[in-house]
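See below for the structure under consideration.
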Amino acid sequence: MTEPVGPDSGAGGFCRLRFDISYDGTDFAGWARQIGQRSVCEELETRLSTVLRVPVRLTVAGRTDAGVHATGQVAHADVPRACLETRSIGGDPSTLVGRLAKMCPDDFRVKAVRIVPADFDARFSALRRHYRYRLSDSRWGAEPLVARATATWRRPLDVEVLNEASAVLLGLNDFAAFCRRREGATTIRDLQRFSWVRDDEGVLIGEVGADAFCWSMVRSLVGAVATVADGRRDIDWCRALLREKERSSQVPVAQARGLCLVGVDYPADDELAARNTVTRDVRGSTGCCGG
């Protein structure tokens, strides 16, 4: 359900809940439901439906791909207010955090639950989404303790060149060369942050932020700039990709395991409705927000 809930605030009405979610994406086929495969959405909806005793359907900020992680995923659902007035919940949806923790496997958690305005939409209200990418270019690969969340690159990477290549991609551009095209979806995005540092263990940490992302866009951006930083391409090649009108076969897609959705920004409550209208006009109803 993506339309705002009705204004009825009585016992027979609905309310909108926001869920803040973390997961290790290694053993998931992605966020979205897929027949015969394990998905974050299905696992969480199943448990919420059990606790609330009504079918629950979630709308998510970003439908992450298989193997992609999250520490700052956001979703919403509309539920009957009566579900929250049971003795175990007592009208306080935050009590669901503890109950779900007992029911969920170790690879996903709901960290917060709260009632939000009817105009809040996890997907369409979002101003920007933030991803972090962990990349090891050491000869031995990633440290075993963090290998599930760290990608590897088989050539040494120059962090200065990595940042120079990333900088030329910033701004409002058509990122068709970096996206898996979806029918009826735009590939124009505002890339607001793309920068890299090496941490104390020598792992490259990339911070990527935009108003929204196309499917596979972040991993394609990482693959492109890493190909420049390891000396196989130059920055002009990277810049020229912005003139392409379809997915470029020259752009490698970096490993999913290095990518994590770390946050989603939303406007103030009184600006939600206006933001929803702008996003729907620009993005349409399909093709948005994949890692």
Side-chain angles (χ1 to χ4, degrees), residues 20-31 40 60-74 106-109 111 128-167 169-170 175 178-179 189 191-210 212-233 238 251-265 289-291:
D20 292 84
I21 307 159
S22 290
Y23 46 88
D24 174 344
T26 305
D27 298 325
F28 289 102
W31 168 270
V40 183
V60 72
R63 291 175 291 181
T64 50
D65 291 339
V68 176
H69 318 290
T71 58
Q73 181 67 280
V74 179
D106 289 341
D107 55 0
F108 74 95
R109 284 291 183 271
K111 300 188 293 186
R128 63 191 63 85
R129 297 159 176 85
H130 304 276
Y131 282 88
R132 181 170 296 135
Y133 198 89
R134 290 176 50 88
L135 184 61
S136 173
D137 63 346
S138 67
R139 293 178 62 188
W140 60 85
E143 287 286 353
L145 285 177
V146 294
R148 286 165 66 100
T150 307
T152 56
W153 199 263
R154 298 305 180 187
R155 296 169 177 261
L157 296 167
D158 184 321
V159 68
E160 281 192 30
V161 176
L162 202 57
N163 276 307
E164 289 174 13
S166 298
L169 299 174
L170 292 172
F175 288 93
F178 303 89
C179 298
R189 296 290 187 270
L191 185 62
Q192 300 164 354
R193 183 179 185 186
F194 196 13
S195 61
W196 297 84
V197 296
R198 278 194 190 273
D199 68 11
D200 293 340
E201 283 72 48
V203 175
L204 288 154
I205 308 296
E207 302 288 349
V208 192
F213 292 93
C214 309
W215 291 101
S216 297
M217 177 176 163
V218 181
R219 291 192 287 139
S220 296
L221 289 169
V222 171
V225 298
T227 302
V228 175
D230 72 14
R232 287 182 288 169
R233 297 282 188 177
C238 202
V251 176
V253 180
Q255 294 171 321
R257 65 180 180 174
L259 185 60
C260 182
L261 175 61
V262 296
V264 185
D265 297 338
C289 315

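Note that the structure is a prediction, hence the values are computed from the model and not measured.
Within the 3.5 Å criterion, the main-chain N or O of Gly263 finds no donor-acceptor partner in the side chain of His130. Within the 3.5 Å criterion, the main-chain N or O of Ala61 finds a donor-acceptor partner in the side chain of Arg129. A donor-acceptor pair under 3.5 Å is formed between the side chain of Arg257 and the backbone N or O of Thr150. Between the Asn163 side chain and the Trp196 main chain, a donor and an acceptor come within less than 3.5 Å of each other. In this structure, Ser22 contributes its side chain and Arg109 its backbone to no donor-acceptor pair below 3.5 Å. Side chain of Gln73 to main chain of Val60: no donor-acceptor pair is present (N/O by atom type, distance under 3.5 Å, no hydrogens or angles). Although no hydrogens or angles enter the test, the distance criterion places a donor-acceptor pair under 3.5 Å between the side chain of Lys111 and the main chain of Thr71.
Between Leu204 and Leu157 the shortest side-chain heavy-atom distance falls below 4.5 Å. Side-chain contact between Trp31 and Ile21 is present, with heavy atoms from C-beta onward closer than 4.5 Å. Using a 4.5 Å heavy-atom threshold, the side chains of Leu191 and Leu221 count as touching. At least one side-chain heavy atom of Thr227 sits under 4.5 Å from a side-chain heavy atom of Pro252. Here the side chains of Leu259 and His69 are not in contact, with every heavy-atom distance at 4.5 Å or above. No side-chain heavy atom of Cys260 sits under 4.5 Å from any side-chain heavy atom of Val68. Inter-residue side-chain proximity for Glu143 and Val146 is flagged as met; some heavy-atom pair is nearer than 4.5 Å. Arg148 is listed as a side-chain neighbour of Asp27, based on a closest heavy-atom distance under 4.5 Å.
For Arg189 against Ala212, the heavy-atom pair with the smallest separation is CD-O, 3.0 Å. Closest approach of Val228 to Cys238, counting heavy atoms only: CG2-CB, 4.1 Å. Across every non-hydrogen atom of Val253 and Ser220, the tightest pair is CG2-OG, 3.7 Å. Of all the heavy atoms in Ala142 and Ala147, the pair that sits closest is CB-CA, 4.0 Å.
Applying the side-chain hydrogen bond (donor to acceptor under 3.5 Å, both in side chains) test to residues at least two apart or on different chains, the pairs with a partner in residues 199-209 are Arg132-Glu207.
Thr152 OG1 to Arg139 CZ: the interatomic distance, rounded to the nearest 0.5 Å, is 14.5 Å.
Remark: the Arg219 side chain and the Gln255 side chain contain no N/O donor-acceptor pair separated by less than 3.5 Å. Side-chain atoms of Trp215 and Asp65 form no donor-acceptor pair, as typed in the model, at a separation below 3.5 Å. In summary, the side chains of Ser136 and Trp153 do not present any donor paired with an acceptor at a separation below 3.5 Å, with no hydrogens or angles considered.
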**Study point:** side chain to side chain contact (heavy atoms under 4.5 Å, CB included) between Phe194 and Val225, intermediate numbers included
**Key:** CA-CA 10 Å; Phe194 196 13; Val225 298; 3.8 Å; yes

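Using cut-offs of 30° and 60° for the angle between ring planes, the Phe28 and Tyr23 rings count as perpendicular.
You'll find the ring centres of Phe213 and Tyr131 inside the 6.0 Å limit.
Asp137 has no carboxylate O lying under 4.0 Å from a charged side-chain N of Arg155, or vice versa, which leaves the two without a salt bridge.
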